[in-house]
Amino acid sequence: MDGGTLPGADADDDASDRSRVVFHVDMDCFYASCERLRDADLRGEPVVVGMGYEAGETIGAVATASYEARAFGVESAMPISEALDRLPRRVDADPEDPDVPDPDGTGRYLPVDMEFYEAVAGDVKAVLRDCADVLREVSVDEAYLDVTDRTAWDAVGGDDPASSSAAGPSDVRTLAEGYARHVKERIEREAGVPASVGVAPNMSAAKVASDADKPDGLVVVPPGSVEAFLAPLPTAALHGVGPVTERALAERGIETAGDVADADPDALAEELGDRGRELVRRARGEDDREVTPRGLPKSLSRESSLPRTADEERKRETVSALAADVARRARERGCLYRTIGIKAVRPPFDVNTRAHSLPGPVDDPDLVESVALELLSEFDDEAVRKLGVRVSNLDFADSDQATLGGFEGVDGGGGGGDDEGNGTDGDDGGNDGNGGGKEGDGRRLTDWVGGKPAGDPGPGCDGPGSDCDGSGVGHDRGDDADSGGGDGQASLRDWSEGGRRG
DNA sequence: TCTGGGGTCCTAGGACCC
DNA sequence: TCTGGGGTCCTAGGACCC
């Protein structure tokens, strides 16, 4: 342990000599960089990668735009149709024809190919894992590294004119900067894609630093200079400040991170809740969150847009397909779920969610579908533009039980990637309370539907003080009325046919 | 700018229990 | 009887992130 937060020790580690060294590695327009990796013709060209986009179409949204494309005003999350207005497709260009765009003002449009990007990300990850003891992967193109044990904040020898200093608030070169440069170069060399790196004594400052000089940036913020580094930045540069919070802050005359640092935490908490207090701490350079590996997912979902429709059959078909997909992914990952929910977005953008929790965790695609459809029925007469299905309250069965179900264990390969050890320091912080009742885990629906498994009080009977009497699953919530002697299915039917008055 | 898809965390209110 | 506090679980919505 680093002992950094012993009782009595000041949590403000910003100026202490025990300062951690945290890197935030952020790949530059990652999808576009990946495409360039396999097609050299795209280098130097404006490249737009669209999700939900297919060649020749105008639907979908911009997932990533290269910096060349951004120069034309193309931005992330922009509808493809609008991007095309600003930057026409190259294939539509013809230098001979005055009626079509000039090639110089056009770009290359490609659909997202997640599988390929994940393969490239695997190469990046391999470098990062090799360079850090503790690694938190935030997304396919972003990660935090705690490299305190690999490097230090010590300044390196004198003023060597031969070496240029990284962009940053300090002119003093440090070992940490040299190490960050090494990591950055290894990524470029071994994975073939560029990255920006932020170096700071804590996560939130490192995150802001990596953003400060994109692309191909390296920004170092040594201990003691975090607050000064952040101060001039607009509030929106702080991680966790989106449009809504930015507006709320502006109304109080808070425009910069420096203003946030000067604000009264309690006053801000009145407006923003605990987030307000946290924001002030971050802006002051205080952030003692440990870099921890990402835990297991908390929910799985799929959603898709559709042309505005009120057609019941169309909606049901969509939800059935989404439900099947979510259930399949859950099974692939060896995870049980206890809550099934839907999302229905009504035009113009009215987001509605509905959810139903089961008495215990299941792996049951049919049930996902039937519950989702039942929840959907509330919107039978409504026009929607997007539908989604989600499972949550996840329960990752131990591997032996996952195999028991006849499928392979946790997929390890593609997305998850929680597989690499970190073993001993266990307690990934995640595994949220909720009790879950470890002994009940992994039991499959069939174990208790239609009767409780012998000798087991059943999932859900675990909390301290629970008056669990072993009477089986009927024991769950208030709807015990006559939910039929402990049959999960029966109680579901009760809920869906009769009880849904609520 | 009428907005794609996958997530996380937080909050608030209600039901229920002791 | 109309009143208390504390705790948990559930649902719904919102903000934010990439």
Side-chain angles (χ1 to χ4, degrees), chain A residues 24 26-27 29-31 49-53 59-64 73-83 85-86 111-112 114 117 121 137-143 207 210-211 236 238-248 272-279 294-306 308 322 325-326 329 338-345 347-359 375 378 385-394 415 429-430 432-436 460 462-467 475-480 495 500 502:
Chain A
H24 181 255
D26 201 342
M27 309 306 297
C29 50
F30 184 59
Y31 298 178
V49 181
M51 68 178 98
Y53 169 81
I59 54 164
V62 175
T64 302
V74 177
E75 291 167 15
S76 196
M78 177 180 280
I80 290 289
S81 54
E82 195 186 335
D85 288 342
R86 303 182 181 212
V112 167
M114 212 53 210
Y117 309 153
E137 296 157 46
V138 179
S139 67
V140 71
D141 65 346
E142 196 186 322
K207 164 79 183 167
S210 73
D211 262 340
L238 295 172
H239 197 52
V241 176
V244 176
T245 308
E246 183 183 19
R247 218 175 308 125
L272 304 172
D274 277 348
R275 275 182 51 244
R277 228 178 299 269
E278 196 54 39
L279 225 47
R294 201 161 55 142
L296 296 164
K298 304 221 169 6
S299 67
L300 298 173
S301 67
R302 274 228 51 187
E303 58 187 70
S304 74
S305 294
L306 56 171
R308 179 186 201 281
L322 295 171
D325 200 78
V326 168
R329 279 166 55 211
R338 204 163 68 73
T339 301
I340 298 162
I342 63 156
K343 172 154 117 177
V345 181
F349 202 71
D350 176 23
V351 179
N352 299 266
T353 59
R354 297 293 180 269
H356 174 69
S357 290
L358 305 163
L375 293 170
E378 182 184 334
R385 55 189 303 277
K386 180 190 275 197
L387 290 167
V389 174
R390 166 194 315 264
V391 294
S392 55
N393 253 312
L394 303 187
D432 50 317
N434 120 327
D462 46 67
S466 157
D467 58 346
H475 153 90
D476 49 280
R477 288 202 315 284
D479 63 1
D480 45 5
W495 161 76
R500 230 185 101 267

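It should be emphasised that the depicted structure is a prediction, and the values quoted were computed from it without experimental measurement. Chain naming here is simple, since letters A, B, ... match the order of the sequence lines and numbering starts at 1 in each.
When the P atom of dG14(C) is taken as reference, atom CG of L272(A) falls 17 Å away, rounded to whole Å. For D211(A) and dC16(C), the CG to P distance is 16 Å, given to the nearest whole Å. Summarising the geometry, the separation between NE2 on H356(A) and P on dA12(C) is reported as 11 Å, rounded to the nearest angstrom. For the pair E246(A) CD and dG14(C) C1', the interatomic distance rounds to 17 Å; values are reported in whole Å. Atom NZ in K343(A) sits roughly 15 Å away from atom P in dT3(B) (whole-Å rounding). Note: CD (E142(A)) to P (dC16(C)) measures 17 Å, nearest angstrom. If you measure from atom CG of D141(A) to atom P of dC18(C), you get 9 Å, rounded to the nearest angstrom. Atoms NZ (K207(A)) and P (dC17(C)) sit 8 Å apart, rounded to a whole Å.
When the salt bridge (charged side-chain N to carboxylate O under 4.0 Å, His left out) test is applied to R86(A), the partners found at least two apart in sequence or on another chain are E82(A). Residues satisfying the side-chain contact (heavy atoms from CB on, under 4.5 Å) criterion with S81(A), sequence neighbours excluded, are P79(A). Here E142(A) pairs with K207(A) under the salt bridge (charged side-chain N to carboxylate O under 4.0 Å, His left out) rule; sequence neighbours left out. In this structure R385(A) satisfies the salt bridge (charged side-chain N to carboxylate O under 4.0 Å, His left out) test with no other residue, sequence neighbours excluded. Applying the side chain to side chain donor-acceptor pair (under 3.5 Å) test to S299(A) and every residue at least two apart in sequence or in another chain returns R390(A). Residues satisfying the ring pair (Phe, Tyr, Trp, His ring centres under 6.0 Å) criterion with Y117(A), sequence neighbours excluded, are Y31(A). Taking the salt bridge (charged side-chain N to carboxylate O under 4.0 Å, His left out) definition, one finds that D350(A) meets it with R346(A), sequence neighbours left out.
Nucleotides dC18(C) and dC2(B) place their P atoms 24 Å apart, quoted to the nearest Å.
Distances shown here put a side-chain N or O of T245(A) below 4.0 Å from the OP1 or OP2 atom of dC16(C).
Annotation: side chain of E278(A) is not in contact with side chain of L272(A) (no heavy-atom distance under 4.5 Å). Taking 4.5 Å as the limit, every side-chain heavy atom of L296(A) sits out of range of all side-chain heavy atoms of L394(A).
Closest approach to the T353(A) side chain among dA12(C), dC17(C), dC16(C) is made by dA12(C) (side chain taken as heavy atoms from C-beta onward).
Among the protein residues, V241(A) comes within range of the sugar-phosphate backbone only, with heavy atoms under 4.0 Å from sugar or phosphate atoms but none that close to a base. Residue contacts for P347(A): at a heavy-atom cut-off of 4.0 Å it reaches no nucleic acid atom on any strand shown.
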Quick one: what's the B/S/- string for nucleotides 4-10 of chain B, heavy-atom cutoff under 4.0 Å, read 5' to 3'?
BSSSBS-
For DNA chain C, the dot-bracket notation using Watson-Crick and G-U wobble pairs below 3.5 Å, [ ] for pseudoknot-type crossings and | for other-strand pairs, is ....||||||||||||||
